[in-house]
Participant: 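There's a structure below that I have some questions on.
Numbers for residues simply follow the sequence, beginning at 1.
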Amino acid sequence: TQSTWGLRFQMPVHHCSTLADFESKVQQSEGLVVVDFSAEWCGPCKKIFPAFERWSDSDEFVSVTFVHVDVDQNTETADRFEIQAMPTFVYLREGKVIRTVMGADELKVRDLIQAFM
């Protein structure tokens with residue numbers, strides 16, 4: 001992301017606790033949005049989340065918006081996407097689902113981010 005002075009800065013993972021918050025973030029985003037649906041109690045979710053955070057702060061993925069949804073805190077958004085397993089990664093472009101990946105396969109999640117950028 002570019003500031004008005006031409007300086008680049010990274011965007012953190014956006015934590016969306018309501019459906020309205022989620023919809024607002026997706027509408028504001030240009031390009032690819034990657035959503036990590038997870039839960040506090042989920043071991044594989046905890047394992048992959050540090051990589052998700054690193055990607056959000058990476059020069060390589062500066063054009064990608066990274067969103068986190070805790071399925072227990074934001075059930076409306078989880079229900080809307082019919083999340084059945086955690087973690088589930090949903091790739092969106094212009095608000096539309098282009099791919100869904102279940103599981104904590106770090107390489108697959110990352111490769112798809114690169115493919116859809």
Side-chain angles (χ1 to χ4, degrees):
T1 304
Q2 295 280 336
S3 72
T4 53
W5 296 283
L7 300 174
R8 219 173 130 287
F9 58 93
Q10 300 304 125
M11 298 301 293
V13 173
H14 301 279
H15 298 271
C16 295
S17 57
T18 66
L19 179 57
D21 186 26
F22 175 83
E23 288 174 340
S24 174
K25 180 46 63 187
V26 170
Q27 287 174 355
Q28 293 172 15
S29 301
E30 296 179 14
L32 181 65
V33 177
V34 183
V35 187
D36 171 15
F37 287 93
S38 64
E40 283 266 336
W41 47 264
C42 170
C45 301
K46 291 179 182 179
K47 179 179 175 250
I48 198 168
F49 190 73
F52 195 72
E53 283 186 309
R54 274 195 317 276
W55 300 332
S56 76
D57 198 34
S58 164
D59 287 344
E60 182 179 5
F61 301 126
V62 71
S63 65
V64 179
T65 300
F66 292 85
V67 176
H68 175 259
V69 174
D70 182 313
V71 298
D72 293 324
Q73 293 177 2
N74 188 347
T75 56
E76 277 187 290
T77 304
D79 289 347
R80 181 176 190 193
F81 288 90
E82 300 177 355
I83 302 303
Q84 301 293 317
M86 277 70 69
T88 294
F89 295 88
V90 176
Y91 299 76
L92 304 167
R93 186 176 313 284
E94 297 177 6
K96 294 177 179 55
V97 175
I98 54 175
R99 185 72 181 262
T100 299
V101 174
M102 287 187 258
D105 185 337
E106 191 174 321
L107 185 59
K108 184 175 185 177
V109 172
R110 188 177 197 283
D111 285 351
L112 286 172
I113 295 169
Q114 289 173 317
F116 293 134
M117 282 179 35

Participant: Over all heavy atoms of both residues, which pair between Val26 and Leu92 is shortest? Give the atoms and the distance, please.
Facilitator: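 Closest approach of Val26 to Leu92, heavy atoms only: CG2-CD1, 4.0 Å.
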Participant: Quick check: is Phe52 connected to Met86 through a chain of hydrophobic side chains (ILVMFWY, heavy atoms under 4.5 Å apart)?
Facilitator: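 Hydrophobic grouping puts Met86 apart from Phe52.
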Participant: Quick check for you: to the nearest 0.5 Å, what is the distance between Arg54 atom CZ and Phe61 atom CZ?
Facilitator: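 Here the rounded value is 11.0 Å.
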Participant: So if you build clusters from Ile, Leu, Val, Met, Phe, Trp, Tyr with side-chain heavy-atom gaps below 4.5 Å, do Phe49 and Tyr91 land together?
Facilitator: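 Yes, one cluster joins them.
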Participant: What is the distance from atom OG of Ser38 to atom CG of Asp70, rounded to the nearest 0.5 Å?
Facilitator: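 Output value for this atom pair is 6.0 Å.
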Participant: Measure from the side-chain N and O atoms of Ser24 to the backbone N and O of Asp21, and report whether any donor-acceptor pair falls under 3.5 Å.
Facilitator: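 Looks like no, no N/O pair under 3.5 Å.
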Participant: Before we go on, tell me: are the rings of Phe22 and Phe81 under 6.0 Å apart, centre to centre?
Facilitator: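 Between Phe81 and Phe22, which both carry aromatic rings, the centre distance is below 6.0 Å.
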Participant: Regarding Arg93 and Glu30, does a basic nitrogen lie under 4.0 Å from an acidic carboxylate oxygen?
Facilitator: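 A salt bridge is absent here (no side-chain N lies under 4.0 Å from a carboxylate O).
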Participant: Ignoring hydrogens, what is the shortest heavy-atom contact between Val67 and Cys16? Give both atom names and the distance.
Facilitator: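 Closest heavy-atom pair between Val67 and Cys16: CG1-SG, 3.6 Å.
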Participant: Nearest 0.5 Å, please: how far is CH2 in Trp55 from CZ in Phe66?
Facilitator: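 Atom-to-atom, Phe66:CZ and Trp55:CH2 are 7.5 Å apart.
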Participant: Would you name the heavy atoms of Ile48 and Pro87 that are closest together and state the gap between them?
Facilitator: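 Ile48 and Pro87 have their closest heavy atoms at CG2-CG, 4.2 Å.
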Participant: In residues 107-117, what donor-acceptor pairs under 3.5 Å come from side-chain atoms, sequence neighbours left out?
Facilitator:
| unit_1 | atom_1 | unit_2 | atom_2 | d |
| --- | --- | --- | --- | --- |
| Arg110 | NH2 | Glu60 | OE1 | 2.6 |
| Gln114 | NE2 | Glu60 | OE2 | 2.5 |

Participant: For the atom pair NZ (Lys25) and NE2 (His14), what is the distance rounded to the nearest 0.5 Å?
Facilitator: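 Reported to 0.5 Å precision, the distance equals 4.0 Å.
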Participant: Could you state whether Leu32 and Phe89 fall into the same hydrophobic cluster, counting links through intermediate Ile, Leu, Val, Met, Phe, Trp or Tyr residues with side-chain heavy atoms under 4.5 angstrom apart?
Facilitator: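 They do share one cluster, since a chain of ILVMFWY contacts under 4.5 Å joins Leu32 to Phe89.
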Participant: Quick check: is Ile83 connected to Ile98 through a chain of hydrophobic side chains (ILVMFWY, heavy atoms under 4.5 Å apart)?
Facilitator: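 Cluster IDs for Ile98 and Ile83 differ.
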Participant: Quickly, which of Val35, Val33, Val34 forms a side chain to side chain contact (heavy atoms under 4.5 Å, CB included) with Thr65? Name it, please.
Facilitator: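 It is Val33; the other options fail the test.
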Participant: Please list all pairs meeting side chain to side chain donor-acceptor pair (under 3.5 Å) that have one or both residues in residues 79-88, counting only residues at least two apart or in different chains.
Facilitator: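 Residue pairs with at least one partner in residues 79-88: Glu23-Arg80.
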Participant: Got a sec, which residues hit side-chain hydrogen bond (donor to acceptor under 3.5 Å, both in side chains) with Asn74, two or more places apart in sequence or on another chain?
Facilitator: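 Applying side-chain hydrogen bond (donor to acceptor under 3.5 Å, both in side chains) to Asn74 gives Thr77.
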